[in-house]
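FYI, the numbering just counts along the sequence from 1. Both ligands and their constituent atoms are indexed starting at 1 by order of listing.
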Amino acid sequence: MFAKALETQFAHDVRAGLTQPDQKSLPCQYLYDSVGSALFEAITFLPEYGLTRADARVIQAHAGELANFMGSDVVIAELGSGSGSKTRTILEKVSRRQNAVYYPIDVSQLALDRCAQDLSSIATVHPLAMSYLDGLREVSARRAAGQRMLVLFLGSTIGNFEPDAALEFVGEVRQIMSPGDVFLVGTDLVKPTAVLLDAYDDPAGVTAAFNLNLLGRINREFDLRQFAHVIRYHEEAQRIEMHLRSRVYQIVSVRRADLIVDFAAEETICTEACHKFYLEQVETMAEASGFELVEQWVDEEWGFSENLMICP
Ligand code: AVJ
């Protein structure tokens, strides 16, 4: 049922995105089919892309502190768990105190299956193939009276939201949570432009493959060789953008979306926006959403922070 709804939504989003008059675009969540998820996993090992390793260093260094902070009788939910590799460290610390109960929430069934397989030895895993907010409402409804909720939103996925949408999203998460609950949010920090351009356009071409796969995933009528991976950094907006640029004028029919679309030479499709943060901006966002920011654990080597927010 959820897969059918996804298919229809996918077709709708492709049609809406590729018929936009000004800037064609495609929602970035569609980057993560099985090929895309595997390519993203490869990106996290690239020397130029230090984000995931920085996040893992911070979690490694503070997981014990986090478990102490939460005390016992905690339920853990994770938004966009992916394979859950970073979460293992936190679950190991929590499971020293109690039977850890973990709800990974992700649209990718493949990622959820991986999560359940890898983490069932250290926690009771209840995968939820749902949208982030629906999944969180489900966890909140299932938790026992007096049980505190720790919500993980790691890896700077929040950077995919436009700033206003990020603020709105954090506010919606706050509404679902209760006093005493904790929200841990990972944010990639602003850093030199050259470092960012290398991280999103690596010389090995892995990110290019990750990006191009999105068109291949829509349908093989897209001639991927007629599109190029392009990165733009808007310094003022602190935003990296991934685009696919059409090398020539071309017409493509996308049967699954009942669509025939033409691309001018040099015209682009925006496939992802990744916003970077200053520590103060995260504090402002937390407080504007009704959270109290109690800790910012920073990785100085790459420039990444995990932000611990509590519901007062
Ligand atoms: C998974 C959204 C955090 O923004 O760095 C990596 C995705 N895109 N390389 C990021 C991504 C291109 C990544 N996030």
Side-chain angles (χ1 to χ4, degrees), residues 25-59 78-87 104-108 110-111 114-115 132 152-163 165-166 169-170 184-217 227-234 237-245 268-277 282 299 302-307:
S25 67
L26 289 166
C28 61
Q29 78 251 32
Y30 295 123
L31 289 160
Y32 301 92
D33 65 341
S34 51
V35 174
S37 297
L39 286 166
F40 177 65
E41 187 91 8
I43 288 172
T44 64
F45 293 101
L46 292 170
E48 296 84 7
Y49 187 83
L51 188 157
T52 308
R53 292 187 297 280
D55 196 8
R57 282 192 296 269
V58 170
I59 289 171
E78 182 169 10
L79 311 178
S81 58
S83 60
S85 54
K86 284 179 298 225
T87 319
I105 301 165
D106 205 297
V107 290
S108 160
L110 191 87
R114 246 309 270 296
C115 235
Y132 294 163
L152 305 173
F153 196 24
L154 310 178
S156 198
T157 304
I158 193 164
N160 283 146
F161 290 89
E162 294 299 321
F169 178 74
V170 173
L184 185 69
V185 182
T187 51
D188 199 27
L189 303 177
V190 172
K191 49 186 62 66
T193 301
V195 173
L196 288 172
L197 293 177
D198 259 0
Y200 291 88
D201 191 12
D202 60 280
V206 183
T207 312
F210 172 64
N211 196 5
L212 283 163
N213 171 63
L214 177 54
L215 292 184
R217 180 217 170 150
F227 288 88
H229 168 67
V230 174
I231 292 295
R232 296 177 183 161
Y233 183 52
H234 298 269
Q238 302 161 215
R239 181 180 66 233
I240 276 270
E241 286 180 4
M242 278 206 321
H243 288 253
L244 290 165
R245 183 173 57 210
T268 76
I269 308 167
C270 182
T271 55
E272 189 179 36
C274 311
H275 293 83
K276 307 300 168 184
F277 298 82
V282 183
D299 177 80
W302 171 259
F304 185 93
S305 76
E306 278 294 351
N307 311 282

Check: Leu189 main-chain N/O paired with Lys191 side-chain donor or acceptor under 3.5 Å: yes
Verify, without hydrogens or angle tests, whether Arg239 (side chain) and Gly159 (backbone) share a donor-acceptor contact under 3.5 angstrom. no
Hey, is the main chain of Gly186 close enough, under 3.5 Å, to the side chain of Asn307 for a donor-acceptor pair? no
What about Tyr200: any of its N or O atoms under 3.5 Å from an N or O on ligand 1? yes
At what distance is the nearest protein heavy atom to atom 4 (O) of ligand 1, and which residue and atom is it? Cys274 SG, 3.2 Å
Flag side-chain contact, heavy atom, 4.5 Å: Ser156 against Leu51: yes
At less than 4.0 angstrom from any non-hydrogen atom of Ser156, what atoms of ligand 1 do you find? 3 (C)
Ligand 1 N/O within reach of Tyr49 N/O, cut-off under 3.5 Å: yes
Hey, are the side chains of Thr193 and Leu196 touching, using non-hydrogen atoms and a 4.5 Å cut-off? no
Do any N/O atoms on Glu272 end up under 3.5 angstrom from N/O atoms on ligand 1? yes
Part of Leu51 within contact of ligand 1 (heavy atoms, under 4.0 Å): side chain
Just let me know how Asn160 lines up against ligand 1, side chain, backbone, both or neither, with a heavy-atom cut-off below 4.0 Å. side chain
Can you spot which of Val282, Val185, Ile158 makes a side-chain contact (heavy atoms from CB on, under 4.5 Å) with Val170? Ile158
Atoms of ligand 1, numbered as shown, that sit under 4.0 Å from any heavy atom of Phe210: 8 (N), 12 (C)
Nearest non-hydrogen protein atom, atom 1 (C) of ligand 1: Tyr32 OH, 3.5 Å
Do the non-hydrogen side-chain atoms of Leu214 and Glu272 ever get within less than 4.5 Å of each other? no
Could you go through Phe277 and Phe304, starting from their C-alpha distance and side-chain angles, then the distance that decides it, and tell me whether this counts as ring pair (Phe, Tyr, Trp, His ring centres under 6.0 Å)? CA-CA 9 Å; Phe277 298 82; Phe304 185 93; 9.8 Å; no
Got the closest protein heavy atom to atom 3 (C) of ligand 1, with its distance? Gly155 O, 2.9 Å
So is Gly159 in contact with ligand 1, going by heavy-atom distances below 4.0 Å? no
